[in-house]
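These figures come from a predicted structure and were not determined experimentally.
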Amino acid sequence: MAERFSINMITPTTQDWTCKVQVVDKCQPRDDRYGNKKYQILILQDEEENQVSVIMFGTDITQFKDMLAPFNTYLVSVVQVKEPTLEYKSALNDYIWTFDRSTIVEPIEKVTPLEDPLPQPTRLTLTTFDTFEYQPKEYEFDVLSIVINDSHPTKTTRGKRVQEFFIMEGQKKPTKLALWDSFIDHDGPKILNQTHTYPAVLARRVSQETIGSTNRFNGLSNKFNTTIEIDPLYP
């Protein structure tokens, strides 16, 4: 029987292990930089609130499409654990997990003997609005805010689609959040349909936009691996 380990105990040399985890973030499938294959990234969290990134490629994304739901709990085993390449490197953990056709994912409600699901997650590391312009240009950070306007997609002077929302934290000055490319189609309508309620939005892995060579702060922008959650479950 596989031994139960926490995320931080698991390395590429660890064998015959099982880990109880909760999905706390799930990106949309994306094309890699060369357009050759699709990949999808998830964030898992264990009972000690350790976190790790998981990546899936190609047909493996379809295999787990209906299983790995945000905030659901699973027992996982038979996972590839590796040091990530620069493209997929994350500050969460020294390693990245890969789910493939050999990986075993058991919904906690189907485990025998019965186990309780993990509690609602509480771990958030947020960047406050008054520190945005001091972040390194390529730095990715998480923000929790209120959307205060409705905005429809437009085009830049170069013909690129963009959708700009204004977000606010407490009484601080509003900041622009720009959505580009597929984020306009996937996340834009969800936000737009709820702007009349001033929804809370948790945007993970966004970065600052700057103007020209001056690098003057001009709001926030999605990255390729950004996820946006409306009215998040976090307390």
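Listed by chain and number, the residues in a side chain to side chain contact (heavy atoms under 4.5 Å, CB included) with S6 are M9, D46, E48, N50 (sequence neighbours excluded).
At a threshold of 4.5 Å between non-hydrogen side-chain atoms, the residues T18 and E3 do not count as touching. Between P107 and N72, every side-chain heavy-atom pair lies at or beyond the 4.5 Å cut-off. Between K190 and L192, the closest side-chain pair of non-hydrogen atoms is not below 4.5 Å. Annotation: side chain of L177 is not in contact with side chain of F166 (no heavy-atom distance under 4.5 Å). In this structure, I191 and I230 have side chains that are in contact, with non-hydrogen atoms separated by less than 4.5 Å. Looking at heavy atoms from C-beta onward, I7 lies in side-chain contact with C19 at the 4.5 angstrom threshold. Using a 4.5 Å heavy-atom cutoff, the side chains of V23 and L68 are in contact. Counting only heavy atoms from C-beta outward, the side chains of T125 and F141 never approach each other to under 4.5 Å.
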Step-by-step side-chain contact (heavy atoms from CB on, under 4.5 Å) determination, F99 to V76: CA-CA 9 Å; F99 282 12; V76 300; 4.0 Å; yes
Do L179 and I228 pass the side-chain contact (heavy atoms from CB on, under 4.5 Å) test, and can you show the C-alpha distance, the side-chain angles, and the key distance before you say yes or no? CA-CA 10 Å; L179 303 184; I228 296 176; 3.6 Å; yes
I would like to know whether V81 and V52 meet side-chain contact (heavy atoms from CB on, under 4.5 Å); could you show each step before the answer? CA-CA 10 Å; V81 181; V52 67; over 6 Å; no
Between F165 and I148, does a side-chain contact (heavy atoms from CB on, under 4.5 Å) hold up when you go through it step by step? CA-CA 8 Å; F165 293 96; I148 61 173; over 6 Å; no
Go through the steps to decide whether Q80 and K82 satisfy the test side chain to side chain donor-acceptor pair (under 3.5 Å), and finish with yes or no. CA-CA 6 Å; Q80 295 184 49; K82 299 179 179 179; 3.3 Å; yes
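Considering all non-hydrogen atoms of both residues, P84 and Y95 come closest at CD-CA, 4.0 Å. Contact detail for P199 and T195: the closest heavy-atom pair is CD-CA, 3.8 Å. Among all heavy-atom pairs drawn from I167 and L220, the shortest one is CD1-CD1, 4.1 Å. Summarising the geometry of S151 relative to Q163, their closest heavy-atom pair is O-NE2, 2.7 Å, with the distance given to 0.1 Å. For L144 against P232, the heavy-atom pair with the smallest separation is CD1-CG, 3.9 Å. The two residues S77 and T103 have their closest heavy-atom pair at O-CG2, 3.5 Å.
Separation of atoms CG (N222) and CH2 (W180) is listed at 9.0 Å; rounding is to 0.5 Å. Annotation: the span from Q40 atom CD to D60 atom CG amounts to 11.0 Å, rounded to 0.5 Å. Interatomic distance, OH of Y198 versus CG of N149, reported as 9.5 Å (0.5 Å rounding). To the nearest 0.5 angstrom, T98 atom OG1 is 6.0 Å from I96 atom CD1. Taking CD1 of I108 as the start and CD of Q22 as the end, the distance is 11.0 Å to the nearest 0.5 Å. Note that CG of N225 is 6.0 Å distant from CD1 of I41, once rounded to the nearest 0.5 Å.
Within the 3.5 Å criterion, the main-chain N or O of M168 finds no donor-acceptor partner in the side chain of S145. The backbone N or O of T227 sits nowhere less than 3.5 Å from a side-chain atom of R204 that would complete a donor-acceptor pair. When atom types are taken as modelled, the side chain of D142 and the backbone of L124 share no donor-acceptor pair closer than 3.5 angstrom. Counting only distance, with no hydrogens or angles, the side chain of Q208 and the backbone of Q135 share a donor-acceptor pair below 3.5 Å.
Under 4.0 Å is where a charged nitrogen must lie from a carboxylate oxygen, and between E209 and K176 at least one such pair does. The pair K173-D130 fails the salt-bridge criterion, with no side-chain N (NZ, NE, NH1 or NH2) lying under 4.0 Å from an Asp/Glu carboxylate O. A salt bridge does not link R123 to E49: none of the charged nitrogens lies less than 4.0 Å from a carboxylate oxygen. Using a cut-off of 4.0 Å between Lys/Arg side-chain N and Asp/Glu carboxylate O, E115 and R4 are scored as salt-bridged.
For residues 97-107, no residue pair satisfies the salt bridge (Lys or Arg N to Asp or Glu O under 4.0 Å) rule, not counting sequence neighbours.
In the model, W97 has no side-chain atom that pairs as donor or acceptor with a side-chain atom of S53 under 3.5 Å. Side-chain polar atoms of S182 and R30 form a donor-acceptor pair below 3.5 angstrom. At a cut-off of 3.5 Å, with distance as the only test, no side-chain donor of T62 or T59 sits close to an acceptor on the other residue.
A continuous path of hydrophobic side-chain contacts links L126 to I43 [ILVMFWY only; heavy atoms under 4.5 Å]. There is no path of hydrophobic side-chain contacts, each under 4.5 Å, that joins F71 to V201. Both M56 and V79 are assigned to one and the same hydrophobic cluster, defined by single-linkage of ILVMFWY side chains at heavy-atom distances under 4.5 Å. Criterion: ILVMFWY side-chain heavy atoms under 4.5 Å apart, direct or through other members. Under it, F64 and V54 are part of a common hydrophobic cluster. Cluster annotation: Y139 is connected to F132 through the hydrophobic network of ILVMFWY side chains, with a link wherever side-chain heavy atoms come within less than 4.5 Å.
Taking the six-membered ring where the residue is Trp, F57 and Y39 present tilted rings, their angle falling between 30° and 60°.
Aromatic ring centroids of Y134 and F217 lie 6.0 Å or more apart.
For the side chain to side chain donor-acceptor pair (under 3.5 Å) with D25, the lone residue among Q51, R205, Q45 that qualifies is R205.
Atom CG of D116 is surrounded by 12 or fewer heavy atoms from other residues, nucleotides or ligands within 6.0 Å.
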